Each structure stands twice: as C-alpha cells, then as structure tokens.
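Keep in mind it's a predicted model, so treat the numbers as computed, not measured. Positions are given from 1, in the same order as the sequence printed here. When a ligand or atom number is given, it counts from 1 through the structure's own listing order.
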Amino acid sequence: MRFETYRLYQLWDIWLALVITMAAVEILLRLVLHYTPPASLLALDILITLILCLDVLAQWARRREIPGHLHVASHARPSAAVAMVHKVWFGMDILVALPLKFLFNAAIFPLLQVLKLARVAQRMRQWRHHEVQHTNLLRLTFFVYWIALVAHWLACGWLALDGPTKFNSEAEPPPDSFTRYLRALYWSVTTLATVGYGDLTPTGNAQVAYTMMVMLLGVGVYGYVIGNVATLLANLDVARSHYRENMERLSVFMRYRNIPAGLQRRLRDYYAYLWENRLGYDESSVLADLPDSLRSEVAVFLRRDFIERAPLFKGASHEFVREIALQLRPVVFTPGDFVFRAGQYGHNMYFISRGTVEVVAPNGQTVMTTLKDGDFFGEIALLSSQPRTASIRAVEYCDLYTLDKETFDHVLEQYPEFAAHIKEEAERRNPQNVQG
Ligand code: CMP
C-alpha cells in the first residue's frame, strides 16, 4: 500500500471512529432514557447509516491490499485463515451497514451498529503499530477513549435498571433526563475508579447485583491503570528518562572510582553534547538492530547531509555512497581531545561531519593546519602502513565518522576514482610517506 493511500485510509478511519462513537453514545442513551429523537438526530441516523455503507466499499478496496502492511505488493495473497478472518470482518461490515433499524422497530437493530466499534479497536491497534513517533501518547489517548466509553455504557446500564418508581415520590419531582444521566455517569465513574462515595446507592436486587459487578470491574480497571498508565506516563519521554538514568549511573560510577573533578566535568559535557545533538542515542547500535535492507537506507538518510557536503564524495555513484554510508561509524570528540597522536599506528581514517580539528606536528607545538566540516584525515597511515605523521587535536566538539582499515582497503580496491582522489590528497600533504 502506498504511503499516501495509507494516510487517506487513516483519515477515513478517524472519521469513522468519530461517527461510530457518536452512535455508540447516543443509541444507548435513547434506549434507556426513552426520549423521542428530534429531527436532527434522525438525520444523523441516516448519515451514520450512509457512512457505514461507504465504509463497506472502503473496506472492500482495502481488502485488495494486505491489511496492516505498508509497501507490500498487492498481488501477495493472504493465507486461508487470514482470508477467512477477512470474510468474517467484511460480513460484519455489511450487516452493520444494512438499514435494518429503519425497517424494524426492535431495540436490537440500532444496537447492531455498536458492533462496528470492533473495527475501530482493530484500526487503533494498527495505528499504534505504524505510528512510531507518538506511540505512547496514542496508547494513552486510546485508553482514555475506551474508559470514557465504558463509563458511559455502565451509566446507561444503571439507568436501565433504575426503577421508574424511584423518582416518582410525592415529595420530590422526578429529575429531568440530563440530571438522571449525569448522576448515573457520576455513579459509574466513582465506582469504576473504586472511589465509591456511597451517596448513590442501588435500589432493587438487579441494581445491587449490577453494582457488585461494576465494583469488581473497577478493581480490574484500577489495577490496570496503576500498572500501565504510570509506566506509560513515565515513558512519554523515553529518551529523556534513558538519558537521566545514564547520567545517574555515570555519577555513581565516577564517585565510586574517585574520578578527578576535571575529568568528571568532561565526561558530563560529553554526554550533554550527545543528548543535545542526538537525544543521547548511539546511531550505530540503533542501526545494528535493523535488517540489512533497512539499515543501508537509514544509514544513507542519516549521513546524507555529510556525504553531500564532503568534497571527497562529490559526484560519487549511488552504490559507492550506499556502501560508505553503511560502513561509517560515528564518534564524538570533546574540545582538547587528541583523536590520535603522531607516531601511533593507525587503524582508521576519519571524516569530519561537524567541528574543527588541528593537525599538530610531531614536536607537539606547531599547528600545521586546521581541518573542518567535510575534510578527512588519517589516510596516510593507512596508505603507507607507517605510523601517524601528525597528531590530531579537536578544537571544539567534533562529530566525526571513522572508517576502519579493512573497509578502507576494500573501498580503494572497488572504487578506483575514490582511491585516486585520496592518494592525490595524501601525496600533497606528505609526499615522502605515500607510495604507489
Ligand atoms: P596520518 O599520517 O594517518 O595521521 C595524521 C594525519 O594528519 C595524516 O594522516 C593526514 O591525514 C593529516 N595531515 C598530515 N599532514 C597534513 C597537512 N600538511 N595538511 C593537512 N593534513 C595533514
């Protein structure tokens, strides 16, 4: 299913959910309060039935795609069991859309439309799976939605069991329908939330039994709320809680190991920088969890800005960019850090995504040059298999990408243009050390 089509179906689902919710609220109220619906409500009834008919068409169109999967070829056939489930759902869609309530006068026919809420629940589950950005917020919203609907239904049940005699005493005139409903809703909310002030008490055996049942349900709901909503709220900002947890662990560790104050500050600065720039996430570990096909796409996307800016990659082929993007590993250096020192053996070369580094001569004093965004360094040691010809010191926070020797050699072999460019630059920088 194409993304735009999916969005269109999603809009339709939201619309359908609104309509069905209206129906599920109003139909029950009408049944228990026994009021004669005004003309506007009858028009709404007709509109709802029309929308349900249109939804049958929408579901039929949708059935040709594999439900719940984006980008799945439409010729892929579902298994027999899945096809059977589709048929049952589709049968229910048709049954609910039939204008039976206009033809027959039994209470069961308007109630049939409430069955459509099962479709709404099904769609909600799918949204939650597809919506990666606000999944916790969605869960919370759906939870509140269902609780509100259940509270309404329970209030309607209370009203249905409310004997008409109760409000017919001589002393007190019977309250109007709105007041009766509001009191019933108040009863259902206090009972569901296990608050139960006891100011509205059941009358008659049926209401007593009903109250006990709702109380038991209330205990379940309460347990669910305590168990789930607390974690849900805590997880609304997963990244921040993850970051806080990491920082606390780090603080304990640093105190325990008596890390000097200056070094502690640098460690904190490093994590603060990671948090500000990447929400504290390590790009490589996120990528490592992905399957190959997705990993290269995500890697190219994440590194596209850098690759587009770096002169070395100008005009590079798509395959080359893909391969390089997949192999680059991000690293961060804080101001004053040495990426490596002259004389060390080198196993990596580096590309600067953001920041400035100084190339310091082996005497440790002379700054030969500075390199910035889009530049690279560390190639000479890899090309010549000699120790590093200079030290590299970060001037500010630097986001670098590193390429290991094995991949470097492989890339040089595979892409001669890239090899020529790198060798040319290495020779310009340090002619004695580069051969071949
Ligand atoms: P390498 O010798 O592996 O490690 C030090 C790096 O500094 C070196 O690779 C080059 O990438 C870089 N470098 C050395 N000399 C210069 C220079 N004159 N100008 C720019 N970069 C240099």
Side-chain angles (χ1 to χ4, degrees), residues 266 270 273 277 283-284 299 302-317 320-436:
R266 283 177 61 195
Y270 167 75
Y273 178 79
N277 289 279
E283 214 171 280
S284 311
L302 290 176
R303 288 145 198 191
R304 74 196 182 289
D305 280 350
F306 157 70
I307 291 176
E308 275 165 17
R309 269 187 288 120
L312 183 65
F313 300 126
K314 280 259 146 51
S317 70
F320 173 74
V321 168
R322 241 182 144 69
E323 179 141 10
I324 278 280
L326 206 56
Q327 302 296 343
L328 292 175
R329 202 166 51 80
V331 277
V332 173
F333 288 90
T334 58
D337 283 351
F338 276 89
V339 178
F340 53 70
R341 291 179 193 262
Q344 287 179 338
Y345 276 93
H347 306 287
N348 296 290
M349 78 166 285
Y350 296 83
F351 299 90
I352 306 176
S353 169
R354 187 165 49 175
T356 312
V357 299
E358 287 173 336
V359 180
V360 183
N363 64 19
Q365 303 290 325
T366 322
V367 174
M368 295 155 71
T369 184
T370 54
L371 302 172
K372 52 182 180 6
D373 303 17
D375 289 337
F376 61 89
F377 58 85
E379 76 293 352
I380 299 178
L382 298 195
L383 284 171
S384 63
S385 301
Q386 298 282 321
R388 298 288 191 193
T389 54
S391 304
I392 303 286
R393 185 169 56 207
V395 177
E396 52 186 338
Y397 279 102
C398 290
D399 279 326
L400 308 179
Y401 283 112
T402 144
L403 200 64
D404 62 53
K405 181 161 170 49
E406 199 184 317
T407 320
F408 177 78
D409 289 342
H410 171 76
V411 170
L412 286 197
E413 215 173 275
Q414 294 291 315
Y415 301 96
E417 275 175 35
F418 173 75
H421 197 136
I422 286 249
K423 280 180 187 159
E424 195 183 304
E425 186 64 23
E427 249 171 83
R428 194 188 60 74
R429 287 172 172 179
N430 198 328
Q432 309 92 291
N433 267 26
V434 185
Q435 312 102 27

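Remark: side-chain polar atoms of Thr356 are not paired, donor with acceptor, to backbone N or O of Lys372 under 3.5 angstrom. Judged purely by atom type and a 3.5 angstrom limit, Arg309 has no side-chain atom pairing as donor or acceptor with the backbone of Asp373.
With a 6.0 Å cutoff to the six-membered ring centre and a 45° limit on the axis angle, Arg388 does not count as a cation-pi contact of Tyr350.
The N/O atoms of Met368, backbone and side chain alike, include none that comes under 3.5 Å of an N/O atom in ligand 1. Residue contacts with ligand 1: Gly378 is placed with a nitrogen or oxygen under 3.5 Å of a nitrogen or oxygen of the ligand (distance criterion only).
Each of the atoms 19 (N), 20 (C) of ligand 1 lies under 4.0 Å from some heavy atom of Thr369. Residue Ala381 approaches ligand 1 through these ligand atoms, each under 4.0 Å from one of its heavy atoms: 1 (P), 2 (O), 3 (O). Those atoms of ligand 1 with a heavy atom of Ile392 less than 4.0 angstrom away are 7 (O). Counting the atoms of ligand 1 from 1 in the order shown, those under 4.0 Å from a heavy atom of Phe377 are 11 (O).
Between Glu424 and Arg428, none of the side-chain N atoms (NZ, or NE/NH1/NH2) sits under 4.0 Å from a carboxylate O, so this pair counts as no salt bridge. Between Arg266 and Asp337 there is a salt bridge, since a side-chain N of the basic residue sits under 4.0 Å from a carboxylate O of the acidic one.
In this structure, a donor-acceptor pair under 3.5 Å is absent between the side chains of Gln327 and His410.
Contact annotation: for Thr389 versus ligand 1, heavy atoms closer than 4.0 Å belong to both the backbone and the side chain. Both the backbone and the side chain of Glu379 come within 4.0 Å of ligand 1, counting heavy atoms alone. If you look at Leu382 next to ligand 1, there are no close heavy atoms at all, none under 4.0 Å.
For the ligand labelled ligand 1, residue Phe340 lies inside the 4.0 Å heavy-atom shell.
Ring geometry, Phe306 versus Phe351: the interplanar angle exceeds 60°, so the pair is classed perpendicular (tilted spans 30 to 60°).
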